[in-house]
Each structure stands twice: as structure tokens, then as C-alpha cells.
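Encoded as C-alpha cells, the structure appears first; notes follow it.
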Amino acid sequence: PITDPSPESAGPPPRKKRWLGRILRWLFFFLLTVLLTLQLPFVQQQIAQYVVKRMEQTLGTPVSLESVKIAWFDELTLKNLYLEDIYGDTLLASGSLIADFNLSPLAIYRRGIEIEALDLQGARFNIQRAFGDSLSNLQVTLHKLFPPKAQIDSTGKRPIPLNLKELYLKDIHFTQRDSIKGSYLGVYLTESQIYVNSMNLPEQKIDINSINIRRPIVTLNNWHAPPV
């Protein structure tokens, strides 16, 4: 009897497919190992010390940070961050800061590092400008962290742009004292949400889409400042 030829038996996958499978498995285990390592308290403490050291070198003022936590590579939590200003006073003391990053390669290529949501709780901002200074302590800090374009062109170092989409504030105290203008502004925010279109920190410009504020407490005071 005439029989149909038997189909070819399925042999081993081509070499390229086998190597691709191995690479994907090794990549998965590598990422899993890195993620688990970042959850270790010792590793998180080392990251916190590194962040503090780099910020102190950049700002030239004392910085302290209790802990750093990284979750799934796209969420960063800073506990009890403290920044001292050029006057030896507090510029920022925050209880909790949580940043949710957009790690899409296309977004990073187009817009740089993008923070989809920034959650700040229990923070105290103390902005001040002493008599005779042209810049406030906050402006000096921003210039050091995000140098102006002219300074970037002279050094040749171009930092990666930083963008923010949403900012959530809870239990925030904000004070601004200007000795040259003779003005004081104090604001307490129970809760607030700010939605941002674009942000340019080197030029200290921000385009805000909308702001929602809940039960703010505002204090204003003015006095006659001596002539400059």
C-alpha cells in the first residue's frame, strides 16, 4: 500500500532562537536580582549616603537624608530630607517625598527624565533673601543644581532635562522673607494638587495647567525696608 510520507519530526529550535531564549532568561534574572538587592536596608542606606555626599558637594551646604527606597525601578521615596541654605538656616525639611518616574525610552529621548507624579508630605520651606543679596537662598540652590544655560555652555556639560507632570502637596508650610522688599509671606497648605504643562528649572520657568488648593492659611506682612 502507498502511504503518505511522514512529516518531518520537530527538531531542536534553531540556534538563534535558543540564544535569544537564554538572553531573555538571564536578563530577567539579572533585573530580578537587582530589584531584590535594592530592597536590602544596607544597600538603601548606602544609596542614601551617596545621594547626601553628591548633594553636599554640589550645594556646598549640609544635607541629611534618613532613608532611600526604590520600588520597581520607577518609584523613589526619600524620608526626612533636610537641606541647609547659604545662611546656615533651613531651606527644606521634608517628611516624605515620593517620585513616580516615566521610564519609557521614547519619553526620556523626547523630554528627558520625567516625573509623572511627585508626592510631598510634611515639608517646611524657608525661602529668604538677606539685605544686600541679589538672589534668595532658593534661587542660589536652583542655580547650583540646575545651572543656567550660559554656565552650561561655558563648561560644556549639559544635564539631562527634568520634567514634572503632577505635584501633590500635603501638610506644607511655606515662608518667604525678603529683607530688601520688606515683605513676609507665610502659607500653610492642608492639601494641594498642581498640574504642570512644562518646566525649565535652569531658567526657573514653569507653565502650570491648573492648581487645586484645599483650606490654605495665608499670612502677609510688609515693613519699610532700608534703601539699598
Side-chain angles (χ1 to χ4, degrees), residues 55 58-59 63 74-79 81-83 85-86 90-129 133-152 158-222:
M55 291 190 69
T58 302
L59 299 177
V63 177
D74 63 347
E75 184 177 287
L76 175 67
T77 302
L78 305 181
K79 289 289 186 181
L81 173 64
Y82 169 82
L83 302 180
D85 65 10
I86 54 177
T90 300
L91 173 61
L92 168 65
S94 67
S96 172
L97 189 153
I98 303 175
D100 186 8
F101 294 90
N102 182 0
L103 297 184
S104 167
L106 183 60
I108 295 176
Y109 173 76
R110 289 180 174 179
R111 299 183 293 272
I113 299 176
E114 183 174 78
I115 302 177
E116 293 184 327
L118 185 65
D119 188 313
L120 184 60
Q121 300 185 19
R124 307 295 181 264
F125 287 93
N126 179 31
I127 302 174
Q128 57 182 322
R129 180 172 63 159
D133 289 343
S134 60
L135 301 176
S136 69
N137 55 354
L138 177 61
Q139 290 174 314
V140 172
T141 299
L142 289 177
H143 279 177
K144 292 181 179 180
L145 292 175
F146 307 98
K149 186 177 184 300
Q151 184 176 340
I152 294 174
R158 295 186 175 274
I160 299 177
L162 178 65
N163 291 285
L164 173 65
K165 303 304 293 181
E166 300 177 11
L167 175 61
Y168 299 95
L169 304 174
K170 186 175 182 179
D171 184 26
I172 305 297
H173 285 268
F174 170 89
T175 61
Q176 183 176 16
R177 181 185 180 91
D178 194 320
S179 298
I180 296 179
K181 294 181 179 180
S183 63
Y184 170 85
L185 170 65
V187 179
Y188 173 71
L189 298 176
T190 304
E191 288 184 70
S192 178
Q193 298 85 37
I194 303 174
Y195 300 93
V196 180
N197 290 327
S198 62
M199 182 174 64
N200 189 328
L201 290 178
E203 297 183 7
Q204 299 183 20
K205 294 180 179 179
I206 182 169
D207 181 11
I208 296 178
N209 184 298
S210 63
I211 301 178
N212 300 321
I213 300 177
R214 182 181 180 185
R215 296 197 303 270
I217 301 175
V218 180
T219 303
L220 294 172
N221 189 16
N222 292 277

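Since the structure is predicted, the reported quantities are computational estimates derived from the model, not experimental observations. Positions are given from 1, in the same order as the sequence printed here.
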Under the side-chain contact (heavy atoms from CB on, under 4.5 Å) criterion, do Q128 and N137 qualify, and how do the steps go? CA-CA 6 Å; Q128 57 182 322; N137 55 354; 3.5 Å; yes

For [X] and [Y], indicate whether the former's side chain and the latter's backbone hold a donor-acceptor pair under 3.5 Å.
X: D85; Y: L91; answer: no
X: K205; Y: N200; answer: no
X: S192; Y: N212; answer: yes

What pairs with Y195 under ring-ring contact (aromatic ring centres under 6.0 Å, His included), at least two apart in sequence or on another chain?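 For Y195 there are no ring-ring contact (aromatic ring centres under 6.0 Å, His included) partners, ignoring immediate neighbours.
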
Rounded distance [0.5 Å steps], [atom1] in [X] versus [atom2] in [Y]:
X: I172; Y: I213; atom1: CD1; atom2: CD1; answer: 12.0 Å
X: L220; Y: Q176; atom1: CG; atom2: CD; answer: 10.5 Å
X: D133; Y: I86; atom1: CG; atom2: CD1; answer: 5.5 Å
X: E166; Y: I194; atom1: CD; atom2: CD1; answer: 11.5 Å
X: I98; Y: T77; atom1: CD1; atom2: OG1; answer: 4.5 Å
X: F174; Y: T219; atom1: CZ; atom2: OG1; answer: 12.5 Å

How about [X] and [Y]: do any of their side-chain heavy atoms sit closer than 4.5 Å?
X: K144; Y: L59; result: yes
X: L120; Y: S94; result: yes
X: T90; Y: R124; result: no

Less than 3.5 Å apart, any donor N or O on the side chain of N126 or T175 sitting next to an acceptor on the other?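 On atom types as modelled, these side chains qualify, holding a pair under 3.5 Å.
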
Are side-chain N/O atoms of Y184 and N222 paired as donor and acceptor at under 3.5 Å?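 Not at all, the side chains of Y184 and N222 share no donor-acceptor pair under 3.5 Å.
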
Answer yes or no: does atom NZ of K181 have more than 12 heavy-atom neighbours from other residues, nucleotides or ligands under 6.0 Å?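 Result for NZ/K181: open.
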
Nearest atoms (heavy-atom pairs only) where S96 meets K79: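 What the structure gives for the nearest pair is OG-NZ, 3.7 Å.
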
Taking every non-hydrogen atom, the tightest pair across N197 and K165: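 Taking N197 first and K165 second, the nearest heavy atoms are O-NZ, 3.7 Å.
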
